[in-house]
Amino acid sequence: MTHDRLLIIDFGSQVTQLIARRLRELNVYCEIHPYQSVTMNMVRALAPRAVIFSGGPDSVTREGSPRAPQELFDYGVPILGICYGQQVMMTQLGGQVDGGKISGGGGTAEFGRAYVEPKGSLHLLDGWFDDGREQVWMSHGDHVSRLAPGFEVYGTSPNAPYAITADTTRHFYAVQFHPEVHHTPRGAKLYENFVRLAGFKSDWTMGAYRDEAIAKIREQVGDKRVICGLSGGVDSSVAAVLIHEAIGDQLTCVFVDHGLLRKNEAEEVLGMFRDNYNIPLIHADESDLFLTALDGMSDPEEKRKTIGKLFIDVFQKHADTIENAEFLAQGTLYPDVIESVSFSGGPSVTIKSHHNVGGLPEKMGLKLVEPLRELFKDEVRALGHALGLPPSFIGRHPFPGPGLAIRCPGEITRDKLAILREADAVYIDQIRRHGLYEDIWQAFAALLPVRTVGVMGDGRTYDYACALRAVTSVDGMTADYYPFSHDFLSETATRIINEVPGINRITYDITSKPPGTIEWE
Ligand code: XMP
């Protein structure tokens, strides 16, 4: 089955993947490609029904800054340009862009909330401006100073006279703001109108995805064997069950206990798989290997890369014992691909090396099967439902591949891990007891590399400080801290300090993402 496809050309915005999300919510299949890889041959092969240009950090006024292939404008499909994408369109189609503060020109930069007012009527804006104006999110240094021939203005803001422009004959649309972000509350409507104008059928559903993914896995793997790293998280579990549906016994799962798991995690994961599935499963207890390698290491990226490399070594070791094992399956998700530029070669800045994307040796000997790499977390959960995984398992909070290593900032020791495990267990128990688990995207304790003075009974204590984190999120890309009640926080702090020797101080982390990240490292 083929679907209408939409091509997103990524010019390096940190929020490009949110464009993909908005489109997926509309059941439209889309692919993001970094601008460097977009050639007309590639476009013709993908045969998109429409194209979106993302935002980006560069300035079109800089020589050598990113562009789209010029011929794309004659390809005959609708194009929507966003922020930097708008400026690329104007520049390549004969308009003018002036530099703002960032690129050294004198123009007006604009960051944050703005209000756009309508000018004339445009189908892209159907359902907008019901209240006379719309709130949008601006984030630009440069601005368009002269429209390209054929374009007209359909919306303005105080600092962006060309906030919304279009050439309706060619179906080219260009907006200065970011309709994909939460701070443009009704931005999704613009994407909905755009795909409607472009004639999309909106036929990309999870059921369709599952069938196509199974067919693709069979084609890729043939009669070879696959080993799959199970972490106990939702992603690798869904990947394993999906691959098992596709190739049955050709799949062997390896559950690596790196000594960085949460309390009772190994038992829970192994139990879930053994009770529900008939998948060959190896339990690899490699905690000594990992903890010895991490000994004395405190740099977050060094820790991540070390763990990623050891995972691969362990998989390779097990693969060597399985005849014809040629593939390694991973539950890599789309945000992992996007956030680890080391993999995609895309233009955005690396934030963290997610271990299941970065850190793979060039000569691994195993080819990758990554059936979820186009999906966001909530889509993986929907796929998990479609595959019949137990709801309690699908609802588990995400747990990162590097495990407690990145929740123990600084050096890791077995003692610290043991303390952290207990504190985390009490915290999660509190959240469950108060019926809050489902409302929270992810909650965990982090053991800080700081000891503080306290007083318990008549004695002085000098123990670790522990930070509690809980966030709400849709896909882990952005997050808000969870607003626990003071009663909940003080009850939890008291329980942890009373029940967990080694901790005498609790803090609650109230940082959102951005500017923080969810994990501490
Ligand atoms: P950050 O800390 O980047 O995390 O805001 C976003 C989400 O990703 C999870 N995470 C990881 N998951 N391997 C994973 O499988 C990793 O290396 C990794 N690092 C972070 C994190 O728990 C959160 O859900």
Side-chain angles (χ1 to χ4, degrees), residues 14-15 17-18 21 228-240 255-256 258 260-262 265 269 290 294 299-312 315 328-343 348-360 368 370-373 375-381 394-409 412 420 424 428 437 440-446 467-482 509 511-521:
Q14 291 284 345
V15 291
Q17 62 288 346
L18 292 180
R21 266 205 70 79
C228 176
L230 264 192
S231 67
V234 182
D235 311 340
S236 58
S237 305
V238 170
F255 177 73
V256 179
H258 48 17
L260 300 161
L261 296 171
R262 291 171 291 190
E265 183 129 42
V269 174
F290 282 80
L294 289 167
D299 178 73
E301 281 295 289
E302 207 187 337
K303 281 157 88 174
R304 282 177 169 275
K305 288 187 172 148
T306 302
I307 295 168
K309 181 187 166 302
L310 288 179
F311 257 106
I312 298 300
F315 291 139
L328 170 67
Q330 297 201 118
T332 312
L333 300 197
Y334 200 52
D336 305 334
V337 175
I338 293 292
E339 288 199 357
S340 289
V341 76
S342 55
F343 172 80
S348 57
V349 176
T350 305
I351 308 294
K352 296 179 185 182
S353 308
H354 283 234
H355 92 257
N356 45 3
V357 183
L360 293 182
L368 286 180
E370 296 180 307
L372 312 181
R373 57 177 293 131
L375 302 185
F376 289 93
K377 191 85 179 183
D378 50 339
E379 294 175 317
V380 172
R381 291 202 165 113
I394 293 173
R396 278 167 62 115
H397 289 176
F399 186 61
L404 300 184
I406 56 172
R407 295 179 177 177
C408 201
I412 302 162
L420 174 56
D424 190 72
I428 299 299
Y437 191 83
I440 293 171
W441 158 271
Q442 196 170 8
F444 57 87
L468 304 181
R469 182 90 166 124
V471 295
T472 55
S473 177
V474 184
D475 48 27
M477 302 297 299
T478 58
D480 288 311
Y481 74 86
Y482 187 78
D509 178 354
T511 322
S512 292
K513 173 184 180 174
T517 55
I518 295 176
E519 303 290 347
W520 273 52
E521 289 192 334

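Hydrogens, waters and symmetry mates are skipped; everything else that's a heavy atom, side chains included, is used. Both ligands and their constituent atoms are indexed starting at 1 by order of listing.
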Inset, instruction - For Thr511, enumerate each residue passing the side chain to side chain donor-acceptor pair (under 3.5 Å) test, keeping only those at least two apart in sequence or located in another chain. - result: Asp509
Legend entry - Residues that Arg381 engages under side chain to side chain donor-acceptor pair (under 3.5 Å), provided they are two or more places apart: none
In terms of atom number and element, which parts of ligand 1 are under 4.0 angstrom from non-hydrogen atoms of [X]?
X      : value
Pro402 : 13 (N), 16 (C), 17 (O)
Arg304 : 16 (C), 17 (O), 18 (C), 19 (N), 20 (C)
Thr517 : 1 (P), 2 (O), 5 (O)
Lys513 : 1 (P), 3 (O), 5 (O), 6 (C)
Pro398 : 24 (O)

Inset, instruction - Quick one: look at Pro400 and ligand 1, take heavy-atom pairs under 4.0 Å, and tell me if it's side chain, backbone, both or neither. - result: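 Both the backbone and the side chain of Pro400 come within reach of ligand 1.
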Inset, instruction - Flag the pair His397 / Tyr437 as yes when their ring centroid distance falls below 6.0 Å, and as no otherwise. - result: yes
Inset, instruction - Answer yes if the ring centres of Phe311 and Phe290 are under 6.0 angstrom apart, and no otherwise. - result: yes
Inset, instruction - Could you tell me whether Glu521 and ligand 1 have an N or O pair separated by under 3.5 Å? - result: no
Inset, instruction - Output yes when the distance from some N or O of ligand 1 to some N or O of Phe399 is under 3.5 Å, and no in every other case. - result: no
Inset, instruction - Taking the side chain as every heavy atom from C-beta outward, state whether Phe399 and Val234 have any atom pair closer than 4.5 Å. - result: no
Legend entry - Among Gln442, Lys377, Gln330, closest by any non-hydrogen atom to atom 23 (C) of ligand 1: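 Considering heavy atoms of Gln442, Lys377, Gln330, the nearest to atom 23 (C) of ligand 1 sits in Gln442.
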Legend entry - Cation-aromatic face contact Arg469/Phe444, 6.0 Å, 45 degrees: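 Verdict for Phe444: no cation-pi partner in Arg469.
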Legend entry - Salt bridge flag under 4.0 Å for residues Glu519 and Lys513: no
